[in-house]
Amino acid sequence: MTESAAGSAARQVVTRFAPSPSGHLHVGGARSALFCWAFAHGRGGRFILRIEDTDQKRSSDAASVGFLKDLAWLGIAWDEGPEYGGCGGGPNGPYFQSQRLDIYNREFERLIGSGHAYCAFDTPAELEAMRADAKARGVAYRYDRTRAVSLSKREVDALLAAGTPAVIRFRTPEGPITIRDEILGEATLPAGEVDDFVIRKADGFPTYHFAVVVDDALMGVTHVLRAQEHFNNTAKHMVLQDALGYPRPIYGHMPLIVNPDGSKMSKRDKDKVLRKAVKERGIATPPGGCVPAERWTRWLADSAVQLDLEEATALAAALDVTLPEINVDDFRRSGYLPEVLCNFLALNGWSPGQNIEKFDNAFLAERFDLKRVVKTPAKFDRVKLLSFNCDAVTGMAPERYVALSRAHGHAYHPAFMARLSDAQFDALAAASQPRSKTLEDLFRSNRFLALDDSEIRWSDAKAVKKHLIEGNPSGLDHVRALRGVLDGVAAPWTSAALEVAITAYAQSAAEGQLGKVAQPLRVAVSGGTVSPPIFDTLAILGRDSTLARIDRCVAAVTASATS
RNA sequence: GGCCCCAUCGUCUAGCCUGGUCUAGGACACCUCCCUUUCACGGAGGUAACACGGGUUCGAAUCCCGUUGGGGUCACCA
C-alpha cells in the first residue's frame, strides 16, 4: 500500500451495526443499521456488522442468522462481518464477540496492570442490598469501591485461586465528563455520575461497555451511530477509551422509534395485545388448544412470559385480532416491500428536506447526513407506511408484482398456491395488483378462490339478505337467470366474454344497473361481498366452478329461506 | 427520585444554526364532494401546529431564561 493510500484508508469512514442476537431484528434496529450503512456508503466508507453475543443466557445462533437474513432482505449489505449471502468476511474478525474472548482478556490484563481496573468479589445479593439501602435513604446508588480495593494482591490471588466468583470493575476517574455528539450537541455529566462499572462478568465474558469499546477501536470504527438510549453510556465508553489509549470515535445518537402511544416498541407488544383481548372477552381456555394449558396459565399470569411466534399467530387467528408488526420479519410476512420499509424507516428521524419523501437507498446514501437527523423520538405510523407500500405495490411493473406475489405465496401460503394453476394465479395477480396495499392482500381477500366449490358457505346473513333475498326481482332471481346466461357463454370463458354477456343481462333485466346483478353473483360464487371485479372473478374461477357454486348457492339459500 | 436530552398540525416532518420573504410548507390520517359492479384505487376541496410564561429586538416558530410536558438512563442486558 502506498503512503497516500494508507493515509486515505486511515481517514475512511467506518460505521458498524452491533446487535445483540436476542430475538428478532426490530424496526428500530433496522433503522440504525440503515443509517449506519447509508452514512458509510455515502462517503465511500465501510459498514461493519458485528454480533454482540456476550450474554450467554440470551444469545442464540438462530437469532444471529435471523438478523443476517432480515438485513439482507432489506438490502442493507455489510462490507465486513459474519459471512452470509455474499456479505461479510473481512480482516478484523472474528465478528462474533463470543469468539473474541482472548482479545478482551489481553485488554483486561492491561487495565489491571495499569491500575485502571480491579477485581471485586461482591455477591449479587450484597449488591442488591446496597442498592436497596441507597434507595431507602433516597440517594442515588453508586458502587463503593472501598472494600474491593482494600484487598491486597495476595488476598485477591487467594480468592481467585479458591474459585471465588469475581468480576472486574473499571476504576472510573473523578471529574465531569463531556460528551460530544454530532446530533445532540454537547452534554456534561457531573462528576460522580459514572461509578465503577463492571467490565468483566463472573462468567469471564466482557460486558457490553467493554466489548463495544475494544471492538470499535480494533475494527477501526470512526463513527458510532446508535440509538439515544446509549447516550449516557457514552461517558463510560469515553473513560474506557482514555484508559486503554484508544482514539475517540465520532458519536451520533439517533432518536428512538416508539409506539403510537409513546411507549417503547417491544417484542412484548404482541403478547400485550393478545392478553388484552383474552381478558376483555373473558376467555378461560386456549381456543382450539393453540397453546398448551400449562403454558397458557403461566402466560396469563405473568406478563413477562412470551408466546412463541406459532402460538401467538394461532391465538391471534382464533381471536381474530391483528398482531402489531414489530420485527422486520413481521413486515415481510405482512407483505411489505423491503425498499418501502427502508424508505419509511429513514423518514423516522431524518428527512432530505425539499418536500422529498419517496426515495431509495441509493438516494439515502447520497444524501444522508447527521445534521438532518432530528432529536425527537418518532412514533411509528403504520398507516402511513401502509400508504407508501400501497403506492409501491400498485405502481410497480405487473411482471414484478406477479413474481413477488408468487414468491410471497410460496413462502407463506403454500396451500393457496397449490390450489391455483399458473394461469389462474396470473389472472388473479393482474386483478389484484390495483387493489393491493401489500403482497398479503391478494391472499387475504381471495381465500374463496382457493376453496373447493363444496366448501363455500353463505353464512354472512347480512350479505345474503341484502344481495340475495331482498328486492323484486331478488338477487337470487338474478343469479338463477344468470345461471342460464353464463351456461350459454361460448368458449373461451374470458373476462371480456363474461362482461358482454352479463352487461347485456343487466341491460335487459336490471335497467342497466350492473350492481344489481354483480353483487348477487359475487355473493353466490364467493360467499362474501368482496372480490376482484366480478368478470375477473368468474374468469379466474372458470366455467365449471362458477356454475357449480351458483347451483349450490341457489340450493342452499332456497333451503334456508323455506326452512 | 438523581442525572442527561428533547419540545412545529392527530402522526412523520420542512422551516430554527445565518431572527423579517411563515396569514408556518409537504406527506399520512381525518371531513366533504366526485368517480364507481363490491373492495380498493383515483380526482377536487377542507379542518388542523409553532406547549406555556418571561425576556432580547423595530421585529421571534427562529436567540436567552424559567415553567410544564415527554423521552432516555441509573444491571455481572445490550
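Hydrogens, waters and symmetry mates are skipped; everything else that's a heavy atom, side chains included, is used. Residue numbers start from 1 in every chain, and the chains themselves are labelled A, B, ... in the order their sequence lines are given, proteins ahead of strands.
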Next item on the list: Figure out the CG/P separation between A:L184 and B:C17, and round it to whole Å.
Entry: 19 Å
Item checked: Rounded distance in Å - CG (A:N259) to P (B:C12) -> 12 Å
Check: What nucleotide among B:U38, B:A14, B:G42 has an atom nearest to a side-chain atom of A:R372?
Finding: B:A14
Check: For A:R145 and A:T172, does a side-chain donor sit closer than 3.5 Å to a side-chain acceptor?
Finding: no
Next item on the list: Find the distance A:I183:CD1 to B:C4:C1' and express it as a whole number of Å.
Entry: 16 Å
Margin query: Just N and O in the side chain of A:K437: are any of them under 4.0 Å from OP1 or OP2 of B:C41?
Written below: yes
Check: Between atom CZ in A:R31 and atom P in B:C12, what is the gap in whole Å?
Finding: 12 Å
Notebook entry, point to check: Is the distance between the ring centroids of A:H237 and A:Y208 under 6.0 Å?
Noted result: yes
Item checked: Below 4.0 Å: OP1/OP2 of B:C4 and any side-chain N or O of A:T188 -> no
Check: To the nearest angstrom, how far is A:H237 atom NE2 from B:A78 atom C1'?
Finding: 9 Å
Check: Counting just side-chain N and O atoms, does A:K384 come under 4.0 Å of either OP1 or OP2 of B:C28?
Finding: no
Next item on the list: Choose from B:G15, B:C39, B:U8 the nucleotide whose nearest atom is closest to any side-chain atom of A:T376.
Entry: B:U8
Check: Less than 3.5 Å between a donor and an acceptor, one on the side chain of A:R435 and one on the base of B:C41, is that the case here?
Finding: no
Could you list the protein-to-nucleotides 71-76 of chain B atom pairs, N/O on both sides, closer than 3.5 Å?
{"residue": "B:G72", "atom": "N2", "partner": "A:N232", "partner atom": "ND2", "Å": "3.1"}
{"residue": "B:C76", "atom": "O2", "partner": "A:A202", "partner atom": "N", "Å": "2.8"}
{"residue": "B:C76", "atom": "N4", "partner": "A:D122", "partner atom": "O", "Å": "3.0"}

Notebook entry, point to check: Picking from B:U13, B:C28, B:U37, which would you name as closest to the side chain of A:A378?
Noted result: B:U13
Note to self: Once you apply a heavy-atom cut-off of 4.0 Å, does A:I534 come out as touching a base, just sugar-phosphate, or nothing?
What the structure shows: base
Checklist line | Ring centroid separation A:F380 to A:F344 under 6.0 Å | finding: yes
Notebook entry, point to check: Is the ring centre of A:F210 less than 6.0 Å from the ring centre of A:F108?
Noted result: yes
Check: So, for A:W350 and A:F368, is the gap between ring centers shorter than 6.0 Å?
Finding: yes
Item checked: For atom CZ of A:R444 and atom P of B:U38, their distance in whole Å -> 19 Å
Notebook entry, point to check: Side-chain donor-acceptor pair under 3.5 Å between A:Y251 and A:H230, yes or no?
Noted result: no
Notebook entry, point to check: Between B:U37 atom P and A:I502 atom CD1, what is the distance in whole Å?
Noted result: 13 Å
Item checked: Minimum-distance nucleotide to A:D381 side chain [options: B:U11, B:A78, B:C12] -> B:U11
Check: Rounded to the Å, how far apart are A:L25 CG and B:A78 P?
Finding: 18 Å
Check: A:F388 and A:F331: aromatic ring centres closer than 6.0 Å?
Finding: no
